[in-house]
Amino acid sequence: MKIKHLLVLAFFVLIAPIMVTSCQDEEIEPNPENENIINSETALVSLMQSTSAYDGSVDDVMDEANCLSVNLPVTVVVNGITITINTLEDLGLIEAIYNEFDNDDDVLEYIFPITIILNDYTEITIENQEQLQEFIDECTADEDVIECIDFQYPISFSMYDTNFQVIDTVVIGSDFELYVFLQSLETSNSAVVLASLNFPVTMVYANGDTVEVNSNQELEAAINAAEEECDYDDDEDCTLQEVSEALQDCHWEIASYNGDDNFIDFDLVFGGGGALQISEGDLTEVVLGSWNLESTDQGIVLSIEQLTAFSQDLGGDWLVVDCADDRFELVRTVENTTTEIVMEINCDDNQVSCDFQDVRDYLVACPQIPALNGYTPSFTTFTFHDSNEISTLYENDLLYSGTWDIAMIEGELKVFINFNGLEDYNGEYAVVECNEDSLVLQQGEEVLVLTQQCTSDNPFECFSNTEYVICDNEEPFNDGIATFDLYEIFPNCSNDNIEMTFHETLMDAETGVNALTSPYSNVVSSSQTIYVSATLAGGNTFEIFEVNLVVEDCGQTCSEQDVDAFLLDCTWNVVNYNGSDNLIVWNLDFESSNNIVVIYTETATIDATWTTSQTNDGVIIEFSNVAGSDIQAITGQWLVVECEEDRLQLHRENDIMVIERTCD
């Protein structure tokens, strides 16, 4: 075996209490050149130590500290639920509990005592949260740990005496053994011997790829390259959800645009519905647009579209190349021209919990009762129209009219009111409080409270954000593309006074352009969101509703016996009938004797019949003798296209019905 590049090693390494094996094969190598001899102070030994150091980031979901890890098993209480983490795979239980609700505060508590492991494999017993927090507070990103490459074990070192005769071979089987072996180089002061790493050595990258190295130089180059890639990956270590939540948290400022300050005064507000607002300094005019996030092979891409200005400078697809809690770096390449933006978050103390889209939605949803400094005028209501017109009504008579607008000015959300002939209410109001049924605005010492007055005869009450699901029954099958009859989305909302138009983007729906025609084939495979604009005839009053078009593979997965067993267990409800939940009040109790299905509410009971049959297309459920108002719509034969123990999706020609099981 040919020996390459030697390490100076203290003799006591041969007897150090690490888990290695050795053998006595003697081999002579000519006196190596000085440049091939390295010691504990060389860069390669330091890199090897960083590669073999303990990776404390593996359980960051628990401790949020990558320079320490909690020794398993450990018992924790997550949002009030006690679980025991036995392996790293069990950490998914914590993430599942965290992700169960979007609007709750996630809390993890340990059952002490616990043991933590530091990057140098030191183990420390922790007795309480205060003691643990001290370690976490002192913990910073450890630049001495390289997480993106590892040795493929076993590896071995040949040991030489001063006459360059092999006296032993040390075999290393783990990161821990290698770390202790290398650490002993720094602490040894016994008789000097020589050691060399036996090549070839295989290195494994975090993505599973491997590289074979055959010299110290190649090993050092491989680790350095992995470290640079690791740093890059750390910059991108944000999920799509994390980037989305960060963008919508407060507002963002452009700190750098291609290294200059041309856009340094610009604020960007990313609304929850995909709406984007850009403002500059104290500019009352704002630039509107839309934004969307997508995960690609290159990384997370932020798309900025439909800008009313600056589209060439700020529009397009931006790759998120650096992702931190308060700072993003974005890169866009168009026709070999690369542009870089650095954005920094700005959460002012006067930041309110709602964004400009929330405020706009609130104002246009219903007429508002104004109270200026506690006084409510006799004309009772302000009506904020989507067209940015404002009017006051009293017993349906128009008293005053004007305009209104909303903008983000120097990080502060402002509402502008300009009445003709009602100057007391005019001005620039800061949004200081957002509530479910009231909005508090302030201008100097004046406080204007707007309280919604939503009447029960809302013409849009029938509409809602919904999902429209159909089978992929067109060739080519199972490609996720199908044809939708858009007017079947709200089949029970027909009204001569309301006109529906359909749009692929929210901006198109709001501005009433680029309407889709029906029937419509989705352009995004399997699932696509479109927007329905419902407009009152003869006016500018409208509301926008999101509809998720879903194409499903309706292949049968359950037998007739499975369906029978499911139906006979507990009570079922029609949670969706062609996009409506009007039939949900009816309970369906399936009985095995005489195939009776008892359909009942608190005030009515129907004894109908049900049967199932197996066909080439799948299982058929048939309802008959359903003699009751509204619920008789379920009469007929239904094909089971989606089958779960507590949920069945049924199709009958163009009708879709979803029933779900409730067990008390």
Side-chain angles (χ1 to χ4, degrees), residues 273-275 290 292 303 305-306 361 364 386-387 458-555 574-583 617 630 633-634 636-639 641-642 649-658:
S290 64
N292 182 56
S303 297
E305 301 173 337
Q306 300 176 325
D361 291 344
V364 301
D386 268 316
S387 59
N458 180 5
F460 307 110
E461 187 175 11
C462 178
F463 297 88
S464 64
N465 296 333
T466 188
E467 185 176 76
Y468 184 18
V469 182
I470 66 174
C471 289
D472 188 354
N473 53 12
E474 302 175 1
E475 294 185 1
F477 298 110
N478 301 329
D479 63 348
I481 303 298
T483 302
F484 294 80
D485 182 351
L486 300 181
Y487 292 100
E488 289 297 323
I489 297 176
F490 300 108
N492 300 317
C493 297
S494 59
N495 189 322
D496 293 338
N497 293 324
I498 294 179
E499 178 185 2
M500 287 188 294
T501 56
F502 309 92
H503 308 266
E504 287 186 346
T505 69
L506 177 62
M507 183 68 71
D508 285 351
E510 290 179 337
T511 56
V513 299
N514 300 323
L516 304 176
T517 58
S518 183
Y520 170 76
S521 295
N522 54 309
V523 296
V524 179
S525 177
S526 299
S527 178
Q528 177 188 352
T529 298
I530 66 169
Y531 300 86
V532 180
S533 174
T535 305
L536 284 179
N540 295 320
T541 303
F542 66 92
E543 288 193 18
I544 308 296
F545 302 93
E546 288 188 13
V547 177
N548 192 26
L549 303 180
V550 178
V551 181
E552 289 190 345
D553 176 8
C554 299
V574 181
V575 299
N576 185 332
Y577 186 90
N578 287 337
S580 170
D581 63 355
N582 291 343
L583 301 181
D617 295 328
D630 296 332
I634 72 171
Q637 294 184 345
W638 296 85
L639 174 66
V641 297
E642 185 177 313
Q649 181 168 313
L650 315 176
H651 285 192
R652 181 188 61 192
E653 295 181 352
N654 293 326
D655 293 326
I656 298 174
M657 179 167 64
V658 178

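Annotation: the span from Thr483 atom OG1 to Asn522 atom CG amounts to 8.0 Å, rounded to 0.5 Å.
With sequence neighbours excluded, the residues satisfying side chain to side chain donor-acceptor pair (under 3.5 Å) with Thr501 are His503. For the side chain to side chain donor-acceptor pair (under 3.5 Å) test, residues two or more places apart in sequence or in another chain that qualify with Gln528 are Tyr520. The side chain to side chain contact (heavy atoms under 4.5 Å, CB included) search around Thr466 returns Ser464, Ile489, Phe490, Val547, not counting sequence neighbours. A search for side chain to side chain contact (heavy atoms under 4.5 Å, CB included) contacts involving Val550 returns Glu467, Val469, Ser527, Asn548, Glu552, not counting sequence neighbours. For Asp581, there are no salt bridge (charged side-chain N to carboxylate O under 4.0 Å, His left out) partners at least two apart in sequence or on another chain. Not a single side chain to side chain donor-acceptor pair (under 3.5 Å) links Thr529 to another residue, sequence neighbours left out.
Here the side chains of Gln306 and Thr505 are in contact, with some heavy-atom distance below 4.5 Å. The side-chain heavy atoms of Val523 and Glu504, taken from C-beta on, include a pair separated by under 4.5 Å. Using a 4.5 Å cut-off on side-chain heavy atoms (C-beta onward), Leu516 and Leu486 make contact. You'll find the side chain of Asp485 stays beyond 4.5 Å of the side chain of Pro519, heavy atoms only. Looking at heavy atoms from C-beta onward, Ile634 lies in side-chain contact with Leu583 at the 4.5 angstrom threshold. Contact of the Tyr468 side chain with the Phe484 side chain is registered, since non-hydrogen atoms from C-beta on lie closer than 4.5 Å.
Among Asp630, Leu650, Asp655, Val658, the one residue that satisfies the side-chain contact (heavy atoms from CB on, under 4.5 Å) test with Tyr577 is Asp655.
The aromatic rings of Phe463 and Phe545 sit parallel to each other, their planes meeting at less than 30°, with 60° as the upper class boundary.
Across all non-hydrogen atoms, the minimal contact from Asn654 to Asn578 is O-OD1, 4.0 Å. Smallest separation of non-hydrogen atoms from Glu510 and Phe542: O-CZ, 3.6 Å.
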